[in-house]
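Remarks on the structure that follows.
All heavy atoms count here, side chains included; hydrogens, waters and symmetry mates do not. Bear in mind the structure is a predicted one, so any value in this text is a computation, not a measurement. Just follow the structure's listing: the first ligand is 1, and inside any ligand the first atom is 1.
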Amino acid sequence: MRVLITGGAGFIGSHLAERLVGMGHDVVVLDSEATGRPENVPEGADYRVGDVTRVADLEGAFGAGLDAVAHIAGQVSLIRSFTDPIADLRTNLEGTVNVLGCCLRHRVPRLLYASSMTVYGHNGTLPTPEDTPCTPVSYYGITKYAAERYVHTTAERPDLDFDFGVTSFRMYNVYGPRQAIDNPYQGVLGIFLGNVLRDEPLTIFGDGEQSRDFVYIDDVVDAWVSALTERASHGQVLNLGSGRQTAIKDLADQVLAAAGREDQMVTYAPGRPGEQRHVQADITRAGRVLGWRPRTPFAEGFARTVEWARSVMDEGSARAALP
Ligand code: UD1
């Protein structure tokens, strides 16, 4: 298959790109390099720098004819959605509408969309199944949800003259190698690992009792890959999480223990706006539709991530030590 991955130089997109290239697919990567890095793009992928907010950039990537699009490019920071709501709106919503426009013009039969567990907001049901009403509590959650609705409403349009199969993945806290360790706006595990390896205090927002559902990157990629060819997933919205809750305070303790730095300072700062309190995926539906289940125990994924973060830091200090 010829597959376009938007955001394919980023954390999740580049892992998907690597897997698909390894399977022998033709992969086109489009990335604005806002947070993505060219060195993440696997050899063999057709890499184009471009932004989903610019239709001309997308048209270039669609031009060669595609069997499927994995739309992963997005603004991922909740905080930034409040400090720069227009940028969040443009990238996450307008960008998705642009991708949809290209899919229709080029009659691309398959679109997988990177949605987020933040669409649920504060809801009482834990673990949370997909039919739970969505009441996002951050601007980010609103744009991810609106874009998800655009995707599914487009696929259901009665005026389409081709079969447009779409699937949205409501991803939970995806972690693993290549998650940024130097970006305070991207993913708590990467942030904590960067902190401890640079000898900085860890900051916990709020009381640290809030929980998240951490799912390993390879498991997430498994689901994306099997959905590509699974017709039963057309029209579906699927949670991708581990089904387990981890308190942020416990995560901080695990990072400190793994680094042998239990003495490291942990500071507390006020909770941030738009935060969910407890988060836990109900993953029954992805199991039923795709036969998917997360196969990586947290201890194993965590150990691989720590090892990777260490190697990146070592490389960085080796580079810094060069004359
Ligand atoms: C994250 C993603 C979001 C994705 C969602 C679901 C980021 C920035 N956000 O949101 O794009 O859609 O998961 O997968 O990757 N925390 C601290 N100290 C820190 C950093 C964070 O205590 O230094 C806390 C936060 O306040 C929060 C929790 O850790 O309670 C998780 O934060 P974070 O990893 O930023 O992500 P989410 O808000 O869960």
Side-chain angles (χ1 to χ4, degrees), residues 7 10-13 34-36 71-84 88 91-92 96 113-122 128 134 136-145 147-148 168-176 178-198 200-217 219-220 223-224 238-242 245-256 264-281 283 294 305:
F11 166 47
I12 299 175
T35 54
H71 176 39
I72 302 180
Q75 187 298 111
V76 301
S77 164
L78 265 68
I79 294 300
R80 197 154 170 252
S81 79
F82 288 110
T83 56
D84 194 349
D88 179 75
T91 305
N92 291 355
T96 303
Y113 168 65
S115 186
S116 158
M117 60 81 175
T118 54
V119 302
Y120 293 119
H122 300 311
T128 310
C134 290
V137 292
S138 60
Y139 292 170
Y140 169 81
I142 295 172
T143 58
K144 290 309 272 189
Y145 186 51
E148 186 191 293
S168 290
F169 291 112
R170 290 182 179 160
M171 292 187 284
Y172 282 67
N173 291 68
V174 185
Y175 74 98
R178 276 190 224 142
Q179 178 169 29
I181 55 169
D182 52 4
N183 183 340
Y185 297 104
Q186 257 189 24
V188 63
L189 178 56
I191 295 170
F192 282 169
L193 285 170
N195 290 151
V196 76
L197 293 170
R198 289 188 299 266
E200 301 161 359
L202 273 56
T203 304
I204 291 181
F205 299 116
D207 61 6
E209 300 290 346
Q210 74 267 35
S211 63
R212 292 292 181 271
D213 177 328
F214 292 93
V215 59
Y216 191 61
I217 182 67
D219 298 347
V220 165
W224 281 74
L238 302 171
N239 285 343
L240 294 182
S242 67
Q245 285 186 50
T246 303
I248 295 305
K249 218 163 139 178
D250 294 342
L251 183 76
D253 288 344
Q254 291 187 62
V255 169
L256 296 175
Q264 181 93 348
M265 195 160 60
V266 175
T267 60
Y268 283 81
R272 302 187 298 185
E275 286 248 359
Q276 287 154 284
R277 182 72 180 156
H278 292 298
V279 169
Q280 185 184 9
I283 52 175
T305 310

Nearest neighbour of atom 35 (O) of ligand 1 from the list Q210, R272, E275, Q186, on a heavy-atom basis:
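Looking at heavy atoms only, the winner is R272.
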
Number the atoms of ligand 1 from 1 as they appear, then name those within less than 4.0 Å of a heavy atom of [X], with their elements.
| X | value |
| --- | --- |
| N173 | 1 (C), 13 (O), 14 (O), 34 (O), 36 (O), 37 (P), 39 (O) |
| I204 | 22 (O) |
| T203 | 17 (C), 18 (N), 19 (C), 22 (O), 23 (O) |
| L78 | 10 (O), 38 (O) |

Within a strict 4.5 Å, meaning less than it, do heavy atoms of the [X] and [Y] side chains meet?
| X | Y | value |
| --- | --- | --- |
| Y120 | N239 | yes |
| M171 | V220 | yes |
| V188 | F214 | yes |
| R170 | T128 | no |
| V279 | M117 | yes |

Do [X] and ligand 1 have an N or O pair less than 3.5 Å apart?
| X | result |
| --- | --- |
| Y185 | no |
| N195 | no |
| V188 | yes |
| F192 | no |
| R212 | yes |
| Y172 | yes |
| M171 | yes |

Is there a donor in the side chain of [X] and an acceptor in the side chain of [Y], or the other way round, less than 3.5 Å apart?
| X | Y | answer |
| --- | --- | --- |
| Q280 | D213 | no |
| T91 | Q75 | no |
| S168 | E148 | no |

Please write down residue, atom name and distance for the protein heavy atom closest to [atom].
| atom | answer |
| --- | --- |
| atom 5 (C) of ligand 1 | M117 CE, 3.8 Å |
| atom 15 (O) of ligand 1 | G187 N, 3.1 Å |
| atom 28 (C) of ligand 1 | I248 CD1, 3.6 Å |
| atom 4 (C) of ligand 1 | Y140 OH, 3.7 Å |
| atom 22 (O) of ligand 1 | F205 N, 2.9 Å |

Measure V76 to ligand 1 on non-hydrogen atoms and call it side chain, backbone, both or neither using the 4.0 Å cut-off.
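The answer is both.
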
With backbone taken as N, CA, C and O and side chain as the heavy atoms from C-beta onward, which portion of I191 lies under 4.0 Å from ligand 1: side chain, backbone, both, or neither?
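Looking at I191 and ligand 1, just side chain atoms fall under 4.0 Å.
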
Between [X] (side chain only) and [Y] (backbone N and O only), is there a donor and an acceptor less than 3.5 Å apart?
| X | Y | answer |
| --- | --- | --- |
| Q264 | V266 | no |
| Q210 | G208 | yes |
| N92 | T143 | no |

Using a strict cut-off of less than 4.0 Å between a Lys/Arg side-chain nitrogen and an Asp/Glu carboxylate oxygen, indicate whether D207 and R277 qualify as a salt bridge.
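Looking at R277 together with D207, the answer is yes, because their closest N to O distance falls below 4.0 Å.
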
